[in-house]
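Sequential numbering from 1 along the given sequence is applied to the chain's residues. These numbers come from the heavy atoms of this one structure, side chains and all, not from hydrogens, waters or symmetry mates. Only a predicted model underlies this, so the values are computations on that prediction, with no experimental measurement involved. Each ligand, and each atom within it, is numbered from 1 in the order the structure gives.
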Amino acid sequence: MAARPSLRLALAFIAISSFVAAGPCDIYADGNTPCVAAHGTTRALYSAYSGPLYQVQRGSDNTTTEISPLSAGGVADADAQDTFCDGTTCLISVIYDQSGNGNDLTRAPPGGAATGPESDGYDNLASATGAPVTLDGSKAYGVFISPGTGYRNDETTGVATGDEPEGMYAVFDGTHYNDGCCFDYGNAETSDTDTGNGHMEAIYFGDNTFWGSGAGDGPWIMADLENGLFSGEDLDVNTGDPSISYRFLTAIIKGEADHWAIRGANAASGSLSTYYDGVRPDATGYDPMSKEGSILLGIGGDNSISGQGTLYEGVVTSGYPSDDTEASVQANIVAAKYATTSLTSGPSVDVGSSVSFQATTSGYTDYYLAHDGDTVNIQVVDSSSSTTLQEQASWNVVTGLGNSACVSFESVDTPGSYIVHIDFVLQVAAGDGTKQFNEDATFCPQDGLSGEGNSIRAWGYPTRYFRHYAELAYIASNSGPHAFDAPTSFNDDATWIIGDSFA
Ligand SMILES: *[C@@H]1O[C@H](CO)[C@@H](O)[C@H](O)[C@H]1NC(C)=O
């Protein structure tokens, strides 16, 4: 029977308004596969959610504040973070669960494979400013995971265990990855140790080829099911799992009894593709699964901490989501309009210029960043210094070798050699063209932490900045496990006046 026109209009209005307002977790709930954990530092994942998205801790006094959406269901209030963190460093200390289950993510504890880098054996927290983006023009921050950084919750509520069905999606930076183990988001062991095949079900993203892999050179979306990154049924090459590196990437893993799937898409446009949809691996332990229900981010189930990547938002569901539900979630992600924004701030440091770095710490203002062979140090330099020393303290600014949104610094006296961090120590070394070298030679100038000049952030370790310490130079964090991470005089030691080069 046809509805009367006025009723049709009313129904259409309800349909449109609920479509516009729905968040990813409203869509999963409609599909009877509700989110049991919902993590998004960039936005609320339910239309009605207006609680805290994440907590930041600042270096100046170690106090914290919570960052919430601008309005219910909206984008994070990045201005609140920028105000709180002005003139100091900030870390993401809690990623809140928006589902109501309390499955918040905090600093991951030491595990069976690795002890974290912090002095208590825990993993590092992420910089709060390492992954700036915009959503429909509104600034927000993702979670930039460097090797050594990890989040976890081993005492969750509502997350699948055993062979129970679940789904998950994450929005990653498809250009931020490596071949270390393992940049994961999803379900893992509650003991932080490897308890055997089938004890995990997490999304992996990267170009590790130790276990399975996909077509081409990677990176790939794979499933970390423990003791293996699976691109399909076997620990083999699934040519149906493509190399995929969209700047904004939607990655999906879902699993139920003897059945699981890998799916992916460009998070900024278009629809999902299915890269695997089939039976569980035929090795012992994967059918049935023995999921344990911990949730982790950025690490393997045994706290393997060599992976890197960026999470903007992600959820874990109860039940196996339908492809239709996931299509609606993907449409919602596209409609959120993720886009890039500048990775630098402060006085501009122009590609093509040649510069010097003047120290700003009281008593050191006649010192400049220089090098002596491989060693980067600070030395007293002025216009009457020898030509050799003036050249040692001069640097050509080039497009960032590892990310064109930032810069690299080539030694004026040693063309082809760049400032690079090796074990957090600054050195001058010949570029070797590897992804690792290029990334470790890439720096993103920021507003100076002390209120003048620039602070020079390491692209791949955004908690760390150029710092002089005992007249040598490092990438240092504002408190941390090394002597050069000492918080005393951090802002001054990590702030430089960038001027014309000497030579
Ligand atoms: C903040 O905490 C760290 C680690 O406990 C400590 O080293 C540092 O001194 C603290 N900073 C301040 C300003 O209290």
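Taking the ring centre of Phe484 as origin, the terminal cationic atom of Arg467 falls outside the region bounded by 6.0 Å and 45° from the ring axis.
Of all protein heavy atoms, the one lying nearest to atom 9 (O) of ligand 1 is Pro487 CG, 3.7 Å.
Aromatic ring centroids of Phe183 and Phe172 lie under 6.0 Å apart. Aromatic rings of Tyr151 and His39 (six-membered ring for Trp) have centroids beyond the 6.0 Å cut-off, not under it.
Summarising the contacts of atom 6 (C) of ligand 1 with Asp61, Asn62, Asn478, the nearest heavy atom is found in Asn62.
Near Ser479, the atoms of ligand 1 lying under 4.0 angstrom from a non-hydrogen atom of the residue are 3 (C), 7 (O). Each of the following atoms of ligand 1 lies closer than 4.0 Å to a heavy atom of Ser60: 13 (C).
Here the side chain of Thr64 pairs no donor or acceptor atom with the backbone of Val56 at under 3.5 angstrom.
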